[in-house]
Protein chains: 2
Amino acid sequence: MSSIRELARRCGVSVATVSRVFNTPEVVSQRTRQHVLDMAAEIGYLPNESARTLATKKSNMVGLVWDTDHRRPGWRHPFLQDILVALKSALSAQGLHLLMLAPDQSAGLDPGQRFVRAVQRHNVDGVVVIDNGSRDPAVLALADAGVPCVALDLRFTGPRCTYITSDNHGGGRLAAAHLIERGHRRIATITGPLPAWPAVRRLAGFRAALAEAGVPLADTDIESGDWYLDSGHAAMNRLLARDPRPTAVFAAGDEMAVGAMRAIHEAGLRIPDDIAIIGFDDIEVAALIPPGLTTIAQDKTGIGTGAAEAMVAMLLGTAPPPGPTTLPTTLVTRGST
Amino acid sequence: MSSIRELARRCGVSVATVSRVFNTPEVVSQRTRQHVLDMAAEIGYLPNESARTLATKKSNMVGLVWDTDHRRPGWRHPFLQDILVALKSALSAQGLHLLMLAPDQSAGLDPGQRFVRAVQRHNVDGVVVIDNGSRDPAVLALADAGVPCVALDLRFTGPRCTYITSDNHGGGRLAAAHLIERGHRRIATITGPLPAWPAVRRLAGFRAALAEAGVPLADTDIESGDWYLDSGHAAMNRLLARDPRPTAVFAAGDEMAVGAMRAIHEAGLRIPDDIAIIGFDDIEVAALIPPGLTTIAQDKTGIGTGAAEAMVAMLLGTAPPPGPTTLPTTLVTRGST
DNA sequence: CTGAAAGCGCTTACAG
DNA sequence: CTGAAAGCGCTTACAG
């Protein structure tokens, strides 16, 4: 890699001028600019980002904080991959790179500062937070430290923070409306872990639509899971023990819905004839598992792209951070209802 | 963030000494070292990585090249997530961060150099390549440029390159042995795209075991797909048209196997009674889809961890790069055979 | 429109 | 064991 000095020498100009060609081209004369550009292409010059970062305090790197829930190492958000792809592409288009942050492990460091330090150390410009709702103090500390943050499906507030989320409440309403339209009146639900915001909102929307339609939802019709398959299986078994049994179930996450379907089959019941089931997320399995899982789809690509846009807006950062964004959810009808 | 100068001043030593405390602690006196360390913790000092990178040419960042196949934007390697988690953890443990590389988009840049330039620009120490077998020239150029590379399931060679892969050949053998043991003699296969190395090796292993057992595999018993579901569906339909029909099929990837199962069901046939099917990969769906897909499992965590280890070995880089690593594959029996 | 110079925060021979 | 100094490759007021 040739340096800026080398390029300047070859062009017979100062390094300052070369620098301007790449940073504020409008202030340098057309002739000089073109000459420098041509020569740069010829000798393969590219500014060294470390040097640039050192001088400007901006790295063009966005940090990704993910999988911080130690109770669930390797947590698999079913969408992570779709979101990542969209996020990465949108960020790339702006010349931003994505750095997967490892918490700083320096001895003697306050654990709550692990991410803040990693961010400072690497001069990361901003951080995208994909979190299980664990409220990890090390993550929350990012907001307090004034790091620009965009959180996914997590209410994350601070002077330079915003978040992006699916319309969980609206999705819950859609689920209820669909079951009602199918003629169900004896309806139960399996929620996510209730402190988690998406779980709370999905339940609230579901409940609101039911109430409006005059369909009851007793507390005994509500079971909770932890988003994962086994918890859906267990919750469904509890619901199956009710008398009378529900004729339809809204599982607030597809993984749990799949677990519930298994429980229903094990009980020798048929879907949707004996029990109808609707999920939330629209993960790949939903379309593959017979008879097909009806579900409320989230716009995964939109989430990734939206997060990137919000981040770019904050980084260009004239104005205050963009407000929270809510993306629409949609009903996808398959065989399970 | 306080700088090294500030810390040196407070400790009454030179910046050189502070630097040594963090880089070659053994050469500084116990007293001084402790004093500097204490004061560093007190004022929250952490070396600035950009400055360090500029001075040393090492960034402690490993690049990740992924999803470079433009024919398949957002390519979903079914394991990517598991591999990523393992890779990231293992790298983190060594204090290495993972930078998701965006190809350099500078105007006038040779497209084949996009990744090399991104690597040079950011002083990335090494690169992990997760590729669809697309043989993207921009990826291959990394090897030529002398960038330390570890590739996954891709034969990637060069002075500072190595790769890690599942025992595809052995897995193919396992699949054949299993079907033979189940009594099948009329066996067909759906391969991956044949230029792709894993596809070639799985077929070779499968064929070898069949030959040893004296079970025929005519060319007409071989269909190919592109790893994805729809291609498995189409290939299975072609196999169903054969007379006599195969009684068992080895689909060299689970996604294709799932597509094949759908085709079998659509034809009104039963699994495994009319046709048995075995896949390869052991993705999540395999366990969820009735009657459960028998498959050859890859060690996803092992792949991620192995890649990290190989990378660390190369970066510490005394010796030549470690040789290619092959990880065992295992048979997972479910209802489909 | 352009150049000389200081500065970003570190590391590392070179001396002592 | 420690310090003074040069250097890593850039950017950006400050002058002109």
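Throughout, protein chains are lettered first and strands after them, A, B, ... in sequence-line order, and every chain is numbered starting at 1.
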Rounded to whole Å, CD1 of A:Ile4 lies from C1' of C:dT2 at a distance of 14 Å

Hey, could you give me the OG1/CD distance between A:Thr56 and A:Glu49, rounded to the nearest 0.5 Å? 8.5 Å

Which heavy atom in B:Asn23 sits nearest to a heavy atom in B:Arg52, and how many Å separate them? OD1-NH2, 3.7 Å

Have a look at B:Val312 and tell me which of B:Val150, B:Leu96, B:Val62 forms a side chain to side chain contact (heavy atoms under 4.5 Å, CB included) with it. B:Leu96

Regarding A:Thr32, tell me which of base, sugar-phosphate or nothing describes its non-hydrogen contacts under 4.0 Å with the strands shown. sugar-phosphate

Please determine if a side-chain N or O atom of B:Lys58 lies less than 4.0 Å away from the OP1 or OP2 oxygen of C:dT11. no

Do any side-chain nitrogens or oxygens of B:Arg5 fall under 4.0 Å of OP1 or OP2 in C:dG9? no

In whole Å, I'd like the distance from the CD atom of A:Gln120 to the P atom of C:dC10. 12 Å

Minimum heavy-atom separation for B:Arg33 to B:Pro25, with atom names? NE-O, 3.4 Å

Between C1' of D:dC1 and CD of B:Glu26, the distance in whole Å: 12 Å

Measuring from the side chain of A:Lys57 (C-beta onward, heavy atoms only), which nucleotide among C:dC10, C:dT2, C:dC8 has the closest atom? C:dC8

If you assign each of B:Leu54 and B:Arg33 to its closest nucleotide in DNA chain D, which residue comes earlier from the 5' end? B:Arg33

Could you give the CD-to-P distance, from A:Gln30 to C:dT2, as a whole number of Å? 11 Å

Rounded to whole Å, CZ of A:Arg52 lies from C1' of C:dG9 at a distance of 18 Å

Identified side chain to side chain contact (heavy atoms under 4.5 Å, CB included) counterpart of B:Leu142 within the set B:Val119, B:Asp136, B:Leu101: B:Val119

Testing D:dG3, C:dG9, D:dC10 for proximity to the side chain of B:Ala55, the answer is C:dG9

Does a side-chain N or O from B:Thr56 land closer than 4.0 Å to OP1 or OP2 of C:dC10, or not? no

Where each pair must be Watson-Crick or G-U wobble with both distances under 3.5 Å, what dot-bracket representation of DNA chain C is obtained, with crossing pairs in [ ] and other-strand partners as |? |||.||||||||.|||

With respect to the phosphate group of D:dG3, does any side-chain polar atom (N or O) of B:Ser14 fall under 4.0 Å of OP1 or OP2? yes

I need the B:Met100 CE to A:Leu64 CG distance, nearest 0.5 Å. 8.0 Å

Within residues 16-23 of chain B: residues closer than 4.0 Å to DNA chain C (heavy atoms): B:Ala16, B:Ser19, B:Arg20, B:Asn23

A:Arg121 CZ to C:dC10 P: how many Å, rounded? 10 Å

Within the structure provided, determine whether B:Thr165 and B:Pro198 are in side-chain contact (heavy-atom separation under 4.5 Å). no

Any luck finding a side-chain donor-acceptor pair between B:Thr53 and B:Asn123 under 3.5 Å? no

Interatomic distance at C1', D:dT12 relative to D:dG16, whole Å: 16 Å

Please name all residues satisfying salt bridge (Lys or Arg N to Asp or Glu O under 4.0 Å) with B:Arg9, sequence neighbours left out, ordered by chain then number. B:Glu6

B:Leu46 has an atom CG; how far is it from atom C1' of C:dC10, in whole Å? 13 Å

Atom OH of A:Tyr45 to atom P of D:dG9: distance rounded to whole Å? 10 Å

4.5 Å side-chain heavy-atom contact, B:Ser166 and B:Ile303: yes

